[in-house]
Amino acid sequence: MFYKVLNENTILLIFMIVGYALRKSRVMNTSNMDGLSKVLTLVALPAAIIISLQTPYTPQLLKKVGVTLIVSLLMTIVAFLIGIALTRLFRIQHVERKIWIGCCTFSNILFIGIPIIGSLFGNEGILMLVSYNTVCMFLLFTLGIVIYSNKGESSIQMKDFFLNPAVIATFVGFILFVANIALPKPIFGAVNALGGLTAPLSMLITGGMMADNKIGAFLIDFKVYLFSAIRLFLIPAVTYLLLLPIVKDPLIIGVLVIASAMPSGAMNVVFAEQYSSSGPLASKYVVMTTLLSVLTLPAVAYLLG
């Protein structure tokens with residue numbers, strides 16, 4: 001498991017470096033990045049989700065999905081509570097407190113998770129990952145808005161949840177899965193190829209985002225390292241200890257622990273900017289956890305066995 005994760009992370013790191021170089025050399029500008037982000041979120045990621053759900057239906061697999069959905073809700077709430085507790089413990093104040101809580105709660109589940117979980121656990125693993133993501137997306141568009149909004153200004157926007165391309169693809173994929181409908185070969189091949197763009201595009205964009213930040217300024221920020229240790233080590237450790245006595249399926253445990261070790265998700269930057277005008281501050285935590293996860297994810301996989 002360790003070497004598979006290390007190999008996948010090395011590939012992702014190369015993509016990230018290429019994105020960084022393209023942005024620094026101005027080959028990739030802001031418009032390019034916006035365009036790539038739209039291709040990623042509207043085409044590549046939904047395609048990857050639908051392909052992951054092209055798995056033969058069995059009642060046992062559906063039961064695993066049900067268990068994953070319930071446990072994922074518990075996991076996300078625990079991560080949220082950890083974020084609240086640690087901001088109080090370390091006296092994180094004001095807008096940065098919101099970012100700590102949000103970035104603890106919502107991680108980069110699919111963009112980095114799909115290639116890694118797919119390599120480790122195959123399509124069944126990605127099915128569990130997509131189930132976990134569905135719960136997190138629901139909470140992002142409900143609890144996430146409450147976290148990032150100023151007091152009295154929060155509003156639940158469930159339409160954004162149901163109109164999210166990843167959520168739509170999940171619903172479509174689950175219908176195909178439960179109905180045991182296989183896509184025709186030409187369509188499967190095309191959708192599979194588009195889904196394969198998810199990892200390269202997400203890492204090119206991440207590398208470009210890194211180039212837009214003054215990395216040197218937060219390489220010496222102790223709070224960023226402290227938060228990264230929480231997001232990348234403490235949360236997966238708590239997740240493992242939480243799941244061990246209540247979940248007996250090693251596939252579910254493996255997928256959810258690896259998924260919980262993912263870096264903070266880029267949607268934290270979007271929400272922080274939209275609701276509290278603090279996107280650049282949030283990007284500092286997203287970028288650093290993404291960068292450090294290249295080293296920490298193989299370590300978590302090794303400890304997991």
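Across all non-hydrogen atoms, the minimal contact from L197 to A44 is CB-CB, 4.0 Å. Residue S131 comes nearest to V65 through the heavy atom pair OG-CG1, 3.4 Å, listed as atom of the first residue, atom of the second, then distance. Contact record, P263 with I112: CG-CD1, 3.5 Å, taken as the closest heavy-atom pair. Residues S52 and I126 come closest through the heavy atom pair CB-CG2, 2.9 Å. Considering every non-hydrogen atom in both I181 and Q54, the closest pair reads O-NE2, 3.2 Å. I114 and A48 get closest at one heavy-atom pair: CD1-CB, 3.8 Å.
The closest side-chain heavy-atom distance from I50 to L183 is below 4.5 Å. Between I49 and V172, the closest side-chain pair of non-hydrogen atoms is not below 4.5 Å. With contacts defined as side-chain heavy-atom distances shorter than 4.5 Å, the pair C103/T289 does not qualify. Side-chain contact between L256 and Y240: absent, with no pair of heavy atoms (C-beta onward) separated by less than 4.5 Å. No side-chain heavy atom of M33 sits less than 4.5 Å from a side-chain heavy atom of L204. Counting heavy atoms from C-beta outward, I252 and M128 have side chains that approach closer than 4.5 Å. Here the side chains of Y285 and I99 are in contact, with some heavy-atom distance below 4.5 Å. At least one side-chain heavy atom of F171 sits less than 4.5 Å from a side-chain heavy atom of F162.
Few gaps surround OH on Y57; more than 12 heavy atoms of other groups in view lie less than 6.0 Å from it.
There is a path of hydrophobic side-chain contacts, each under 4.5 Å, that joins I246 to M75. Two different hydrophobic clusters hold L12 and L295 under the rule that ILVMFWY side chains link at heavy-atom gaps under 4.5 Å. Note on I168 and V130: separate hydrophobic clusters, where clusters join Ile, Leu, Val, Met, Phe, Trp and Tyr whose side-chain heavy atoms are under 4.5 Å apart, directly or indirectly. Linking ILVMFWY side-chain heavy atoms closer than 4.5 Å, directly or via other members, places I109 and L74 in a single hydrophobic cluster. If you chain together hydrophobic residues whose side chains sit under 4.5 Å apart, F141 and F80 fall into the same group.
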Walk me through it: do I116 and K4 pass the test side chain to side chain contact (heavy atoms under 4.5 Å, CB included)? CA-CA 8 Å; I116 292 176; K4 282 187 177 181; over 6 Å; no

Set out, in order, the CA-CA distance, both residues' side-chain angles and the distance that settles side chain to side chain contact (heavy atoms under 4.5 Å, CB included) for K98 and S278, then state yes or no. CA-CA 10 Å; K98 298 180 181 183; S278 55; over 6 Å; no

Going through the distances and angles, do T290 and M16 end up as a side chain to side chain contact (heavy atoms under 4.5 Å, CB included)? CA-CA 10 Å; T290 301; M16 196 187 303; 3.7 Å; yes

Go through the steps to decide whether M267 and V270 satisfy the test side chain to side chain contact (heavy atoms under 4.5 Å, CB included), and finish with yes or no. CA-CA 5 Å; M267 284 300 293; V270 176; 4.3 Å; yes

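When atom types are taken as modelled, the side chain of N32 and the backbone of N29 share a donor-acceptor pair closer than 3.5 angstrom. Not one N or O on the side chain of S119 forms a donor-acceptor pair closer than 3.5 Å with the backbone of P115. Checking side-chain atoms of T198 against main-chain N and O of F111 turns up no donor-acceptor pair under 3.5 Å. Here the side chain of Q93 pairs no donor or acceptor atom with the backbone of T87 at under 3.5 angstrom. With hydrogens and angles disregarded, no donor-acceptor distance shorter than 3.5 Å links the side chain of N108 to the backbone of A266.
Considering L292, N9, L6 in turn, N9 is the only one that fulfils the side-chain contact (heavy atoms from CB on, under 4.5 Å) rule with L297. Partner of F138 under the ring pair (Phe, Tyr, Trp, His ring centres under 6.0 Å) criterion, chosen from F106, Y132, F161: F161.
Separating the CD1 atom in I11 from the CE atom in M203 is a distance of 12.5 Å, to the nearest 0.5 Å. Rounding to the nearest 0.5 Å places CG of N268 at 8.5 Å from CD1 of I147. For the atom pair CG (L201) and CZ (F15), the distance works out to 9.5 Å, reported to the nearest 0.5 Å. To the nearest 0.5 Å, atom CD1 of residue I205 and atom CZ of residue R23 are 12.0 Å apart. Within the model, atoms CZ of R231 and CG of L86 stand 12.0 Å from one another, a figure rounded to the nearest 0.5 Å. In this structure, the separation between CG on L139 and CG on L73 is 6.0 Å, given to the nearest 0.5 Å.
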